Enquirer: 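Submitted below is the structure of interest, expressed as structure tokens.
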Amino acid sequence: VQLQASGGGLVQPGGSLRLSCAASGTIFSISTMGWYRQAPGKQRDLVATITSDGRTTYADSVKGRSTISRDNAKNTVYLQMNNLEIEDAAVYYCNAEVRLSSRISTHYSYWGQGTQVTVSS
């Protein structure tokens, strides 16, 4: 299973970005997908998650400014970020809890390679 993240870049404060992450490979189903971020010298923190039936959670720091969504048919998760702040700058990682086969009930956690978000004027 591979997760390919894209959509990062340089944006001015107050700007917007849309991140995408597509999962591919041997996938039977995906339960929760999510976005995490890690700034230099800091731990990796949760940004937002979404379950297969659309239930979402958000970190307080992005609530009201970000929207997570997914396309189950494409095994893809998105993160729309608006009104970006300097503090949002980080490497953003996507995550997926993947069930590999109908014969295996365990979900395995996979990570994307990360996409850099830079917020600067």
Side-chain angles (χ1 to χ4, degrees):
V1 176
Q2 295 180 334
L3 272 64
Q4 182 67 47
S6 60
L10 172 64
V11 63
Q12 293 184 338
S16 298
L17 279 177
R18 188 188 193 217
L19 306 182
S20 300
C21 177
S24 61
T26 304
I27 298 171
F28 176 73
S29 65
I30 302 177
S31 57
T32 301
M33 302 185 81
W35 288 96
Y36 296 72
R37 66 186 182 188
Q38 187 169 20
K42 297 187 176 181
Q43 66 181 20
R44 187 174 299 186
D45 291 327
L46 180 146
V47 177
T49 64
I50 184 168
T51 64
S52 57
D53 58 356
R55 287 173 289 136
T56 58
T57 61
Y58 294 93
D60 288 342
S61 58
V62 304
K63 201 173 292 184
R65 300 187 296 118
S66 297
T67 301
I68 189 170
S69 61
R70 65 190 278 178
D71 185 332
N72 290 329
K74 296 181 179 180
N75 291 330
T76 299
V77 63
Y78 307 95
L79 183 68
Q80 176 69 43
M81 299 188 293
N82 302 320
N83 194 20
L84 282 159
E85 302 172 352
I86 299 291
E87 293 74 20
D88 293 316
V91 177
Y92 283 70
Y93 297 92
C94 57
N95 177 267
E97 301 292 324
V98 179
R99 183 177 175 184
L100 302 178
S101 166
S102 61
R103 296 178 285 110
I104 304 172
S105 61
T106 303
H107 285 77
Y108 296 91
S109 182
Y110 293 89
W111 292 90
Q113 84 284 7
T115 184
Q116 178 73 50
V117 172
T118 303
V119 184
S120 175
S121 55

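Since this is a predicted model, take the numbers as computed values, not measurements.
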Enquirer: Looking only at non-hydrogen atoms, find the nearest pair between Q113 and A5 and report the distance.
Expert: NE2-O, 3.0 Å
Enquirer: Could you report the tightest heavy-atom contact between Y108 and Y110, atom names first, then the distance?
Expert: O-CD1, 3.4 Å
Enquirer: Say you draw a straight line from CG of L17 to CG of L79; how long is it, rounded to the nearest 0.5 Å?
Expert: 9.5 Å
Enquirer: Give every residue pair that meets the ring-ring contact (aromatic ring centres under 6.0 Å, His included) criterion with at least one member in residues 38-87, sequence neighbours excluded.
Expert: none
Enquirer: Any link between L46 and L19 through a network of hydrophobic side chains (Ile, Leu, Val, Met, Phe, Trp, Tyr) touching at under 4.5 Å?
Expert: no
Enquirer: Examine the side chains of T49 and T57 and answer whether a donor and an acceptor come within less than 3.5 Å of each other.
Expert: yes
Enquirer: How far apart are the closest heavy atoms of R70 and I50, and which atoms are they?
Expert: NH1-O, 3.2 Å
Enquirer: What donor-acceptor contacts under 3.5 angstrom involve side-chain atoms of residues 21-40, with partners at least two apart or in another chain?
Expert:
residue, atom, partner, partner atom, Å
S31, OG, E97, O, 3.4
R37, NH1, D88, OD1, 2.9
R37, NH1, Y92, OH, 2.9
R37, NH2, S61, OG, 3.2
Q38, NE2, K42, O, 3.0

Enquirer: Only pairs under 3.5 Å count here: list side-chain donor-acceptor contacts from residues 114-121, not counting sequence neighbours, and write none if there are none.
Expert:
residue, atom, partner, partner atom, Å
T115, OG1, G8, N, 3.1
Q116, NE2, A90, O, 3.4

Enquirer: Let me check something: do V62 and I68 share a hydrophobic cluster, defined by ILVMFWY side-chain heavy atoms less than 4.5 Å apart, either directly or through other members?
Expert: yes
Enquirer: If you look at every heavy atom in P13 and I86, which pair is closest and at what distance?
Expert: CG-CD1, 3.8 Å
Enquirer: Does the side chain of E85 come under 3.5 Å of the side chain of N83 through a donor N or O and an acceptor N or O?
Expert: no
Enquirer: For the atom pair CZ (R65) and CG (L84), what is the distance rounded to the nearest 0.5 Å?
Expert: 6.5 Å
Enquirer: Once you round to the nearest 0.5 Å, how far does CZ of R99 lie from OG of S52?
Expert: 11.5 Å
